[in-house]
Amino acid sequence: MPDEALIALLIGNIECFDDSDIFKLIRCSKALYVMCNHDSVWRDRTIARFKGDFGPFSNSWKNTYKTRLQKERPDVELVLDVPLKVGFYSDYLFSSWRCSSVPLNDLCRSNAPENIDRREGLTMEQFVEEYDKPGKPVILTDVVTKWPAFKKWNMDYLESTVGDIVFRAESVDLPFKTYAAYAKHCRDNGGSFEEAPLYLFDKYFSARTKLADDFTVPEYFNQDLFQLLGANERPDYRWIIIGPPRSGSTFHLDPNSTSAWNAVITGSKKWLLFPPDCVPPGVFPSADGSEVTTPISLAEWFLNHYDEIKRWPVKPIECICRAGEIIYVPRGWWHCVMNLEESIALTQNFVNDCNLSQVCLNTCA
Amino acid sequence: MVKITSSDNQEFNISKEIANQSVLIKNMLEDVGEADDQPIPLPNVSGAILQKVRHHAQRRPPAAPEEETKPKSSEDIEERDKEFMNVDQGTLFEIILAANYLDMKNLLDLGCKTVANMIKGKSVEEIRKTFNIVNDFTPEEEEQIRKENEWCEDR
């Protein structure tokens, strides 16, 4: 009889099985029920089958799948899942459960001392001399608060303005209102619904909506040589980022050796930044640094690797970027970000004099 | 040539090309370097299974790229692969576990697709019988789960 390790493996390759097969497996035994009914399986299935058209979000991915399926079978009665209490242990599921339920502030050490400069009223010269040239991260506290976005944007406002527009969330393009319903469900579950909630990260918003009217690129980051390449040639560069608590990005370097800014409109983000040439624990870049393998989720990284940092000679920069603040991430800095609350943010990559030579080397390679 | 030993101490000589089909072995070889003549121990795989795995690796054209983008379907198993996987269940599951341990994606897919094919078209009770799965639900639980899931199956 297939034991837990084997079932986990089969579930891991669950693309080999048709949806129909899985509905039958669920009914075979408690072990199979628990493994095959795991909601992350159904998140993948829902998106694979229905793409961005899976809405409206129900109270779980499985029930979202079923609700959407029933639309195609109006003659069949919709019966939603009511989870069974089943006594069952699995290493594989335990890890996932732990990552989704460890309280976020404990997981991310929200109380850890911060060691980043916070500045306001910075002149351009000061910024260039103290941060841009030396490649030192900084949080500016008086930029975002002046944006119309800071006053206007929240999930309700966005839903009413761009609810029907399609946005990108990881591998799926979906109407904003569908994402908003999902985000609300995450919120209502106190941020413990999923280990790695679906993250909206969209680079077309400035073409598809008027949202870009609500903010101005701060002058410090305004010299952007990629503009010279023209709209068609320049690499992807600006994103709107929306995510539930516990969503985030695992350690990475920004592509093409660009620098970046990340502005929090609502919510808050925990940041860890390692200086150039200091690869964080548990991260495995390819030889040329263009690809990064972090085989574990962000939550797992915090559980498994955060404490190692205490023993390292190079300490990362650690901070929480809050609503109304903007962080400057110089080229070459490894960083990971975890949303501590539902957060709406904007980010942009840029090339200026300071990182130009590095970018050219990179682009020619 | 590369030497590998199984959990039950059977030794196998395989070409570097074959060995590299296992990402696990490939990485070990890179770490250890050319000079070392020590056999690579594979304590998680028995000799009998290793033999099957080697057989599969030998049959694959060496330059076959990993077809990552091809959608997986349990229908597209080649005839000779079907024959290769025509083994008893215990062996099938051990091959799947070995393919996972050795990090051999192609073989792992083949194994999972084979299992998927064993499920297709069968009723829940037939699936249980095929895999010796014990129905450990109470009648009430079983009924609830049936109501929740049966209507979702393909017609």
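Just so we're on the same page: letters track the sequence lines, and every chain starts at 1.
The side chain to side chain contact (heavy atoms under 4.5 Å, CB included) with A:C28 is formed by just one residue from the set B:I145, B:V134, B:V124; it is B:V124.
Only the side chain of B:Q144 comes within less than 4.5 Å of a heavy atom of chain A; its backbone N, CA, C and O stay farther away. Both the backbone and the side chain of B:E153 come within contact range of chain A, each with at least one heavy atom under 4.5 Å from a heavy atom of that chain.
Taking 4.5 Å as the limit, every side-chain heavy atom of A:K24 sits out of range of all side-chain heavy atoms of B:E150. Counting only heavy atoms from C-beta outward, the side chains of A:F23 and B:W151 never approach each other to under 4.5 Å.
More than 12 heavy-atom neighbours from other residues, nucleotides or ligands sit within 6.0 angstrom of NZ on A:K30. Within a 6.0 Å radius of NZ in B:K122, more than 12 heavy atoms belonging to other residues, nucleotides or ligands are found. No more than 12 heavy atoms of other residues, nucleotides or ligands shown are found within 6.0 angstrom of CH2 on A:W97. The environment of CG in A:D277 is sparse: at most 12 heavy-atom neighbours from other residues, nucleotides or ligands sit within 6.0 Å.
In this model, a donor atom of one side chain and an acceptor atom of the other lie less than 3.5 Å apart for A:K62 and B:N149.
At distances below 3.5 Å, not a single donor-acceptor pair connects side-chain atoms of A:S29 with backbone N or O atoms of B:N135.
Distance check: A:D18 CG to B:D154 CG gives 7.0 Å after rounding to the nearest 0.5 Å. Here the straight-line distance linking atom CD1 of A:I26 with atom CD of B:E148 works out to 9.0 Å at 0.5 Å rounding. A distance of 12.0 Å separates CD of B:E141 from NZ of A:K85, quoted to the nearest 0.5 Å.
Pairing each heavy atom of A:C16 with each of B:A116, the nearest pair is O-CB, 3.4 Å.
Contact annotation for residues 65-84 of chain A against chain B (heavy-atom separation below 4.5 Å, listed by residue number): A:K66, A:L69, A:Q70, A:R73, A:D75, A:V76, A:E77, A:L78, A:V79, A:L80, A:D81, A:V82, A:L84.
With sequence neighbours left out, the salt bridge (Lys or Arg N to Asp or Glu O under 4.0 Å) criterion links A:K51 to no other residue.
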>> What verdict does the side-chain contact (heavy atoms from CB on, under 4.5 Å) test give for A:R27 and B:R146, after you've listed the backbone C-alpha separation in whole Å, the side-chain angles of each residue and the deciding distance to 0.1 Å?
In response: CA-CA 7 Å; A:R27 295 166 55 197; B:R146 186 193 65 77; 3.2 Å; yes

